[in-house]
Protein chains: 2
Amino acid sequence: MNTHQHSTPELTKNQGLVYDSLSHAGGPLSAYAILDDLRDHGIRAPLQVYRALDKLLEMGLVHRLESLNSFVACQHPDCDARATMLFAICSKCSCVSELAGEDLEAQLKSLAASDGFTVQAATIELRGICSACGQSAA
Amino acid sequence: MNTHQHSTPELTKNQGLVYDSLSHAGGPLSAYAILDDLRDHGIRAPLQVYRALDKLLEMGLVHRLESLNSFVACQHPDCDARATMLFAICSKCSCVSELAGEDLEAQLKSLAASDGFTVQAATIELRGICSACGQSAA
DNA sequence: ACAATAAATGTTATTTTATAACACCTCGAG
DNA sequence: CTCGAGGTGTTATAAAATAACATTTATTGT
Ligand SMILES: [Zn+2]
Ligand SMILES: [Zn+2]
Ligand SMILES: [Zn+2]
Ligand SMILES: [Zn+2]
């Protein structure tokens, strides 16, 4: 279920299929999982998925989770405008939350700057236990 | 050139070979690049490299760069003890600096905690321009 | 409307990254 | 000695991503 459709700039057929697949999944999917999901809708080759993903990533509708080799629909209304995003990945249920790093970005930049490094983009992925799993474990 | 040998707990033959390869490289290498580098030293199959890497990762002598699918020798005297580490990867020269996140960890944890998430491990990889490349570009 | 151009698609083959499965060796505790 | 854990060597396979090429579908300028 897709909640906040961004300012969706009309997707093409394949882009729409891939985006819907990711949105409905409610969690991260690998490119090949998307492929399987869309076999019935005419998607037959990995490239069809990867090409759609490339565009969706450009548009900011989808994010790539490097530590999982997988992709997730953006959960945030205006990622592009906002500060650095970070992803909290639950080790138990594999759910993913996308959080806004508000002032985190400034701290990262200044930390990097102390080494003479100019930040262009940041990948921040946390591993741990989500609130639901934390409570059920007690 | 390996500078600060940690408290190296005697590596096995293959572990030593892989660690040396990574140390001498002075930058990130893929498992298969390590394999190629060590063909002359009796390493013939990916598994020999991946098994050694697994142990080296456990020991904290080596880190995995998720966004590059590659590995780098630890540059920091005492990673284990220290706070969250972050990696600054230069988009031009591909060099990698490992920085200590001092108070960054606290901020990450509190940010995650506001979502009910308990952090176990963090992957932080920055993309940008290193000091050397920044100056040469001018 | 029509040609020129750009963007998206369909398909096959290939590369790159990572594991599975199984046999053998080595070395130290009992 | 023996047996059990960890390390090694090897072959085969799985999973993730890209290359190359032909075709089709929009966009744009005239
Ligand atoms: Zn987002
Ligand atoms: Zn969970
Ligand atoms: Zn380190
Ligand atoms: Zn550089």
Side-chain angles (χ1 to χ4, degrees), chain A residues 8-22 25 27-73 87 89 94 96 123 125 127, chain B residues 8-22 25 27-73 87 89 94 96 123 125 127:
Chain A
T8 316
E10 14 228 299
L11 304 177
T12 67
K13 184 183 122 221
N14 288 0
Q15 289 162 15
L17 286 170
V18 168
Y19 182 64
D20 283 349
S21 177
L22 270 179
L29 292 179
S30 74
Y32 282 76
I34 296 172
L35 175 57
D36 285 339
D37 188 40
L38 295 178
R39 278 255 155 69
D40 297 340
H41 296 70
I43 301 292
R44 282 169 226 188
L47 253 190
Q48 297 178 278
V49 175
Y50 280 109
R51 288 201 279 229
L53 284 172
D54 281 346
K55 294 300 176 185
L56 293 169
L57 286 168
E58 271 179 25
M59 297 179 206
L61 289 176
V62 158
H63 300 293
R64 179 190 167 84
L65 298 177
E66 304 285 355
S67 64
L68 295 179
N69 286 336
S70 58
F71 305 83
V72 66
F87 300 89
I89 306 168
S94 299
V96 174
T123 297
E125 296 174 20
R127 273 299 181 141
Chain B
T8 317
E10 11 226 304
L11 304 178
T12 68
K13 184 182 125 224
N14 288 1
Q15 287 162 17
L17 285 170
V18 168
Y19 182 63
D20 283 349
S21 177
L22 269 179
L29 292 179
S30 75
Y32 282 76
I34 296 172
L35 175 57
D36 284 341
D37 188 40
L38 295 177
R39 278 256 155 69
D40 298 340
H41 297 70
I43 301 293
R44 281 170 229 187
L47 253 192
Q48 297 178 278
V49 175
Y50 279 109
R51 287 200 281 228
L53 284 172
D54 280 346
K55 294 301 177 184
L56 293 169
L57 287 168
E58 271 180 24
M59 297 177 204
L61 289 175
V62 158
H63 300 293
R64 181 190 166 85
L65 299 177
E66 304 285 356
S67 64
L68 295 179
N69 286 336
S70 58
F71 304 84
V72 66
F87 299 90
I89 305 167
S94 298
V96 174
T123 296
E125 296 174 20
R127 274 300 183 140

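Letters go in sequence order (proteins before strands), and every chain restarts at 1.
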In whole Å, what is the span from the CG atom of Leu29(A) to the P atom of dA15(D)?
-> 15 Å
Just how far, in rounded Å, is C1' of dA8(C) from CG of Leu17(A)?
-> 13 Å
Taking only the side-chain nitrogens and oxygens of Gln48(B), find out if one of them lies under 4.0 Å from OP1 or OP2 of dG9(D).
-> yes
Over how many whole Å does the gap from Leu53(B) atom CG to dT8(D) atom P extend?
-> 12 Å
Asn69(A) side chain near dA17(D) phosphate (N/O to OP1/OP2, under 4.0 Å) = yes
Does Asn14(A) put a side-chain nitrogen or oxygen below 4.0 Å from OP1 or OP2 of dG10(C)?
-> yes
Between the protein and nucleotides 24-27 of chain D, list every N/O to N/O distance that falls short of 3.5 Å.
none

Show each protein N/O and nucleotides 18-23 of chain D N/O combination with a separation under 3.5 Å, one pair to a line.
none

Hey, could you give me the CG/CG distance between Leu29(A) and Leu68(A), rounded to the nearest 0.5 Å?
-> 11.0 Å
Distance in angstrom units between Leu56(A) CG and dA8(C) C1', rounded = 13 Å
Only pairs under 3.5 Å count here: list side-chain donor-acceptor contacts from residues 52-64 of chain B, not counting sequence neighbours, and write none if there are none.
{"residue": "His63(B)", "atom": "NE2", "partner": "Glu98(B)", "partner atom": "OE2", "Å": "3.0"}
{"residue": "Arg64(B)", "atom": "NE", "partner": "Glu66(B)", "partner atom": "OE1", "Å": "3.1"}
{"residue": "Arg64(B)", "atom": "NH2", "partner": "Asn69(B)", "partner atom": "OD1", "Å": "3.3"}

Does Thr12(B) make a side-chain N or O approach to OP1 or OP2 of dG7(D) shorter than 4.0 Å?
-> no
All side-chain hydrogen bond (donor to acceptor under 3.5 Å, both in side chains) counterparts of Ser67(A), not counting sequence neighbours | Glu125(A)
Closest non-hydrogen contact found for Val49(B) with Ile43(B) is CG2-CG2, 3.8 Å
For Leu35(A) and dA15(D), what is the distance between atoms CG and C1' respectively, to the nearest whole Å?
-> 12 Å
Please give, in whole Å, the distance from dT16(C) C1' to Ile34(B) CD1?
-> 14 Å
List the atom of Ser70(B), the atom of Pro28(B), and the distance in Å for their closest heavy-atom pair.
-> OG-CB, 3.6 Å
At what distance, to the nearest 0.5 angstrom, does CG of Asp36(A) lie from OG of Ser30(A)?
-> 7.5 Å
Nearest atoms (heavy-atom pairs only) where His41(A) meets Asp37(A) = ND1-O, 4.3 Å
Selected nucleotide, minimal atom distance to Lys55(A) side chain, candidates dA17(D), dA18(C), dA8(C) = dA8(C)
In this structure, OH of Tyr50(B) is separated from CZ of Phe71(B) (nearest 0.5 Å) by 6.0 Å
Roughly how bent is the helix from dA1(C)-dT30(D) to dG30(C)-dC1(D) end to end, in steps of 10 degrees, with each end axis from five pairs?
-> 40°
Could I get the full list of side-chain hydrogen bond (donor to acceptor under 3.5 Å, both in side chains) partners for Gln48(B), not counting sequence neighbours?
-> none
Hey, does the side chain of Lys13(A) come within less than 4.0 Å of dT9(C)'s phosphate (OP1/OP2), counting only N and O?
-> no
Of Arg64(A) and Arg44(B), the one whose nearest nucleotide on DNA chain D sits closer to the 5' end is Arg44(B)
Mind checking the CG-OG1 spacing from Leu65(B) to Thr123(A)? Nearest 0.5 Å is all I need.
-> 10.5 Å
Over how many whole Å does the gap from Gln15(A) atom CD to dA7(C) atom P extend?
-> 12 Å
Send over the distance from Glu10(B) CD to dG28(C) P, rounded to a whole Å.
-> 11 Å
